[in-house]
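Below, chains carry the letters A, B, ... as their sequence lines are ordered, and counting in each starts from 1.
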Amino acid sequence: MWATGDMPAYQIRSPASSLPQAVVVTPSTNNLDNPPMMAEETTRKRELRLFKNREAARECRKKKKEYVKCLENRVAVLENQNKTLIEELKALKDLYCRETD
DNA sequence: CATTTGTATCGTCATGCCCG
DNA sequence: CGGGCATGACGATACAAATG
């Protein structure tokens, strides 16, 4: 997982956040029917799932941030275009007025 | 300086959607 | 269908700035 086996580098924050909170024993996988695969395998699967989802969430947020940045950029571009067009229109109106009187 | 308030980031859970 | 992925929602925590 993490090369060192401890917290990932970016994780400066809470040590508590890595603790599993209120672990719910999934009822369906609850080892009554197949004793051999049990607890160990079950928790292994859970940990794998949590790990994957953690990574997925990270990726998802990164993607979303980029998307928002992109949108903000687009807004800036459009605002500039708008400004330019308004100026252009003003100039043309001006010219037109001059010509008509 | 201690407390409060606002904001960013994270991990987890629930859920919808898609693909085999 | 069932499994896996993407993502919204939520609560916890850390940190910074404001307030008294």
Side-chain angles (χ1 to χ4, degrees):
Chain A
M1 200 169 252
W2 317 117
T4 57
D6 51 314
M7 298 303 282
Y10 66 84
Q11 176 71 284
I12 324 157
R13 290 160 191 274
S14 136
S17 66
S18 62
L19 298 176
Q21 23 136 270
V23 175
V24 181
V25 182
T26 13
S28 56
T29 48
N30 209 2
N31 335 335
L32 289 176
D33 24 345
N34 65 342
M37 129 132 172
M38 312 85 335
E40 200 169 314
E41 179 73 353
T42 304
T43 51
R44 206 192 111 268
K45 279 192 173 180
R46 173 183 158 80
E47 274 164 12
L48 184 63
R49 180 170 52 77
L50 289 183
F51 173 71
K52 283 193 172 182
N53 186 245
R54 202 180 302 140
E55 298 278 288
R58 218 171 274 156
E59 190 55 33
C60 184
R61 285 164 179 149
K62 186 174 154 199
K63 195 173 151 190
K64 188 174 181 176
K65 265 192 170 179
E66 276 161 16
Y67 174 66
V68 168
K69 235 193 259 174
C70 213
L71 284 183
E72 286 169 345
N73 199 40
R74 183 161 166 70
V75 166
V77 167
L78 290 174
E79 277 175 350
N80 276 339
Q81 268 180 23
N82 198 33
K83 222 188 279 177
T84 312
L85 288 172
I86 286 172
E87 286 306 309
E88 197 180 325
L89 180 61
K90 210 165 91 185
L92 287 173
K93 274 182 174 171
D94 221 53
L95 187 62
Y96 177 74
C97 284
R98 251 177 265 277
E99 277 176 8
T100 53
D101 52 50

Go through A:Gln81 and A:Leu78 one step at a time and tell me if the side chain to side chain contact (heavy atoms under 4.5 Å, CB included) criterion holds. CA-CA 5 Å; A:Gln81 268 180 23; A:Leu78 290 174; 3.8 Å; yes
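- Using a 4.5 Å heavy-atom threshold, the side chains of A:Glu47 and A:Leu50 count as separate.
- Within the structure, a side-chain polar atom (N or O) of A:Arg58 is placed less than 4.0 Å from OP1 or OP2 of B:dG11.
- Contact check of residues 59-74 of chain A against DNA chain C (heavy atom, cut-off under 4.0 Å) returns A:Cys60, A:Arg61, A:Lys63, A:Lys64.
- Here the side chain of A:Asn53 is nearest to one of B:dG11, C:dA6, C:dC5, namely C:dA6.
- If you take CD on A:Glu40 and CZ on A:Arg44, they are separated by 9.0 Å, rounding to the nearest 0.5 Å.
- In this structure, A:Arg54 does not reach the C:dA6 phosphate: none of its side-chain N or O atoms is under 4.0 Å from OP1 or OP2.
- Between the CZ atom of A:Phe51 and the P atom of B:dC13 there is a distance of 16 Å, given to the nearest Å.
- Here the C1' atom of nucleotide C:dC5 and the CZ atom of A:Arg49 are 13 Å apart, to the nearest Å.
- Rounded to whole Å, the distance from NZ on A:Lys52 to P on C:dA6 is 10 Å.
- Annotation: side-chain contact (heavy atoms from CB on, under 4.5 Å) contacts of A:Glu87 (sequence neighbours excluded): A:Lys90.
- Taking 4.0 Å as the cut-off between side-chain N and carboxylate O, A:Lys52 and A:Glu55 do not count as a salt-bridged pair.
- Rounding to the nearest 0.5 Å places CZ of A:Arg46 at 9.5 Å from OG1 of A:Thr43.
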